[in-house]
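In what follows, every chain begins at residue 1, and chains take the letters A, B, ... in the order their sequences are listed. Owing to the predicted nature of the structure, the values given are computational and were not obtained by experimental measurement.
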There are 4 protein chains.
Amino acid sequence: MARTVGSHGPKTMEAIRKAGLKLIHEHGYEAMTLRQLAAEVGVQVGSLYNHISTKQDLLYDLIKTHMDALFAELAKVEAKTAGQGPVERLKAFIFFHVTYHILRKREVFIGASELRSLDPNHYEDIVGLRRQYEKRLMAILDDGRAQGLFQIPDIAVAAYGILAMLTGVCTWFRPSGRLSREDVAQVYCDMVLRGLVPDSQLSDTCSLR
Amino acid sequence: MARTVGSHGPKTMEAIRKAGLKLIHEHGYEAMTLRQLAAEVGVQVGSLYNHISTKQDLLYDLIKTHMDALFAELAKVEAKTAGQGPVERLKAFIFFHVTYHILRKREVFIGASELRSLDPNHYEDIVGLRRQYEKRLMAILDDGRAQGLFQIPDIAVAAYGILAMLTGVCTWFRPSGRLSREDVAQVYCDMVLRGLVPDSQLSDTCSLR
Amino acid sequence: MARTVGSHGPKTMEAIRKAGLKLIHEHGYEAMTLRQLAAEVGVQVGSLYNHISTKQDLLYDLIKTHMDALFAELAKVEAKTAGQGPVERLKAFIFFHVTYHILRKREVFIGASELRSLDPNHYEDIVGLRRQYEKRLMAILDDGRAQGLFQIPDIAVAAYGILAMLTGVCTWFRPSGRLSREDVAQVYCDMVLRGLVPDSQLSDTCSLR
Amino acid sequence: MARTVGSHGPKTMEAIRKAGLKLIHEHGYEAMTLRQLAAEVGVQVGSLYNHISTKQDLLYDLIKTHMDALFAELAKVEAKTAGQGPVERLKAFIFFHVTYHILRKREVFIGASELRSLDPNHYEDIVGLRRQYEKRLMAILDDGRAQGLFQIPDIAVAAYGILAMLTGVCTWFRPSGRLSREDVAQVYCDMVLRGLVPDSQLSDTCSLR
DNA sequence: AATGAATGAGCATTCATTCAT
DNA sequence: CATGAATGAATGCTCATTCAT
């Protein structure tokens, strides 16, 4: 495709990453071939190996880079809300998570759906990071419950549910849609926070058993 | 593996489906090879073609069968709650969705993550079914909003969020865990319903902008 | 090349072995490609893998088969001369070794020159067999020395020297040449036996030091 | 390996030759890659081409250099024994050949086993030199036979046999072994000379036919 | 001289699929 | 129905070689 004639040096690596992101998102890691990748970059297949050591390594590189960026951004948000109450911190977390997942939908999608294609060592590495990320949310939920603000029967289940809901955004969100990034974040923020407060009159009636 | 020596007749097709479900869940459709499949069934590769017409067709068959079963079960639940109010119908939907997704986690996982491997015709077919399923939930939400029971700024966004949360269960649920299927359904049922009721005092404060 | 249309079953494996022997002898194991091999057999490259598991395995198979045949033939010769004196047994060994190495020059050449291309396990295996073969000669030399028939300062060095001399035959022998197989065997038999007898008047003068 | 950081000038060419000798001896010419060679030298692959014109040319260079050295050394020995009798000249040849082949075992091994990897022109060139070398031995044997000192039914066969025996030394000789270079030369010298003298009583009995 | 990136051909191996037996 | 052998295209990766810097 876009044959960047004479593209050299670090530019090529950047082009490989970008093209890899696109193609893995479109076809999946297993289905993407290095010939496709090379064509997209505008380079011969063999040349890829001046920049990556292995197809598997490219996948790990993309996912790891994404995870590192995710943590770096989360750290900024946490710094800004340090010392505030659980509600404020949860709001900040939700806004961050939703907007980040909309902006980086390809990285996020790959980081979740291609985990199984990582070889064992890389897999453990990334899954470890994902668990850390989940724990950052759990810590907020735990705080809120301890302060009597949230009613949460099981912290982990709640966290998994919230993350799944928020992350789902990168599957269906279209920039051209009715709602903006912030609108969506706001809608989910409301829904989640209401879902955690104890005094809703409907809650205790919810049983089919 | 389970070498069903001398497996004959319709048993073989059933063994293929079962093994296919397992292997696609483990490795993904692209990564599963017919040689793996044949070995798992205890048959030579060529013999598979007495039962399936193509690898792609096996995938479609598995997903379509799953979707049909999903709709059949949903129909039963809807029949049982026909005429009841939105809250009761939503509770029923959530319980059904969660428990079904726990029981059929492999089918569900494949039905979502391998969509992209379907060829165009099959893809349209299945995506159409998935949209119908989403609409069944949206109908309940719409009803509840019309009756002033739910506060929902955007029906589609809410539905996607709820489905993502509930479906996530098939990623992390372990039968040996703390909570039973019904416990998890109850937790999510409470969280979702509270999230939709209008009078929570925190809801209007949720803004970082 | 010789496209044996519809060649099936064990015939193909035999054709692969034969072609492999020829091509490895001509080009060396590393330099032979499976495309060459397939063309020689008259088959597609992929089809080779219905019969061999790996290029490396073909090499091992060829060498191992050769070594087994070598030992089987040697056993016959040893059986025929069992109970005879060292001189007779040595003569028999030399005749056997020379004629066998002329008749099976390709197998012998490969079995010596491609050892280094065997992977470690296979290498150890084959080298072990070669050592056993050398020991069969050493046993004869040892016997002869014990009975005072041979004058041998170092059994191993003598054995290596004799084997190298005899084996060299497969490098230069041409069936169309002046001497027949038996002629060559006779010449080497004479030379080796004279080389081992104690009373030659020249032997003790051989020193440059 | 031995990363000669910043190796410059003619030193690099010498390092390439040395590393090439080592790697070809270890892996064979076809199996040695220029990447291995570059790594061994401590240089990037591209840099090799400032010193060699082609992989093939390196091989030829190594073998030709070896052959030239071999002839140069042989010339010295011949000069020293010029005018002496065949027995003395043969002893000198054997001592020279054995000790040279022990000292330069890698060059010798490559010069024999990688002939087939030379392209046609180079091949003819080197094979011609090898024939000349063989003829130097044949000349001695011929002289000895003419003077009635040696009993040799076929000069060429005898020469090939003797050379194979002596050359074999570079396959098994270890400096740490029981025998020194000179010991081995002595053993072979005795064996060969005895093998050529006419009056051994065993010689005429050597027949199995 | 040395480097790093590029090339294009080639490699061993695997794949889904076909088909005579 | 099952099998084993065949096909032909494709895959990830490596190679010797080139060349601008």
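Rounded to whole Å, atom C1' of F:dT17 lies 13 Å from atom CG of D:N50. Whole-Å rounding puts the A:Q44 CD to E:dG4 P distance at 22 Å. Taking atom CD on A:Q56 and atom P on F:dT11, their separation rounds to 18 Å, with Å as the unit. To the nearest angstrom, C1' of E:dA12 lies 6 Å from CG of C:L34. For the pair A:L59 CG and F:dG12 P, the interatomic distance rounds to 13 Å; values are reported in whole Å. Here the C1' atom of nucleotide F:dT11 and the CG atom of A:L23 are 15 Å apart, to the nearest Å. Regarding A:K11, its NZ atom lies at a distance of 14 Å from the C1' atom of F:dA20, rounded to whole Å. Straight-line distance from the CD atom of A:E14 to the C1' atom of E:dA5: 17 Å, rounded to whole Å.
Mapped onto DNA chain E by nearest heavy atom, B:Y49 and C:S53 fall at different nucleotides, with C:S53 at the one closer to the 5' end. Sequence order on DNA chain F of the closest nucleotides to C:V45 and A:Y29 puts C:V45 first from the 5' end. Comparing B:A31 and B:G46 by the nucleotide of DNA chain E that holds the closest heavy atom to each, the one mapping nearer the 5' end is B:A31.
Distance from the side chain of A:K55 is smallest to F:dC13 among F:dT17, F:dC13, E:dT7.
Taking side-chain N and O atoms only, B:T54 has no distance below 4.0 Å to OP1 or OP2 of E:dA16. Contact annotation: A:T12 side-chain N/O to E:dA6 OP1/OP2 distance is under 4.0 Å. In this model, the phosphate group of E:dA6 is approached by a side-chain N or O of A:H51 to a distance below 4.0 Å at OP1 or OP2. Within the structure, every side-chain polar atom (N or O) of C:T33 is placed at least 4.0 Å from both OP1 and OP2 of E:dG10.
Within 4.0 Å of A:S47, counting heavy atoms only, lies at least one base atom of the nucleic acid.
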Checklist line | Worked verdict on C:D125 versus C:Y60 for side-chain hydrogen bond (donor to acceptor under 3.5 Å, both in side chains) | finding: CA-CA 10 Å; C:D125 188 8; C:Y60 176 68; 2.2 Å; yes
Margin query: For a side-chain contact (heavy atoms from CB on, under 4.5 Å) check, start with the C-alpha distance between A:I52 and A:M13, then their side-chain angles and the critical distance, and finish with the verdict.
Written below: CA-CA 8 Å; A:I52 65 173; A:M13 183 60 218; 4.2 Å; yes
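Contact annotation: side chain of C:R35 to base of E:dA12, donor-acceptor pair present below 3.5 Å.
Pairing for F:dG4 is with E:dC19, a Watson-Crick or G-U wobble pair whose two hydrogen-bonding atom distances lie under 3.5 Å. Across all strands shown, F:dC13 pairs with E:dG10; the Watson-Crick or G-U wobble distances both stay below 3.5 Å.
Of all the heavy atoms in C:I110 and C:H25, the pair that sits closest is CD1-N, 3.9 Å.
Seen from the ring of B:Y29, B:K55 counts as a face-on cation partner, given the 6.0 Å and 45° thresholds.
Counting only heavy atoms from C-beta outward, the side chains of A:E107 and A:L62 never approach each other to under 4.5 Å.
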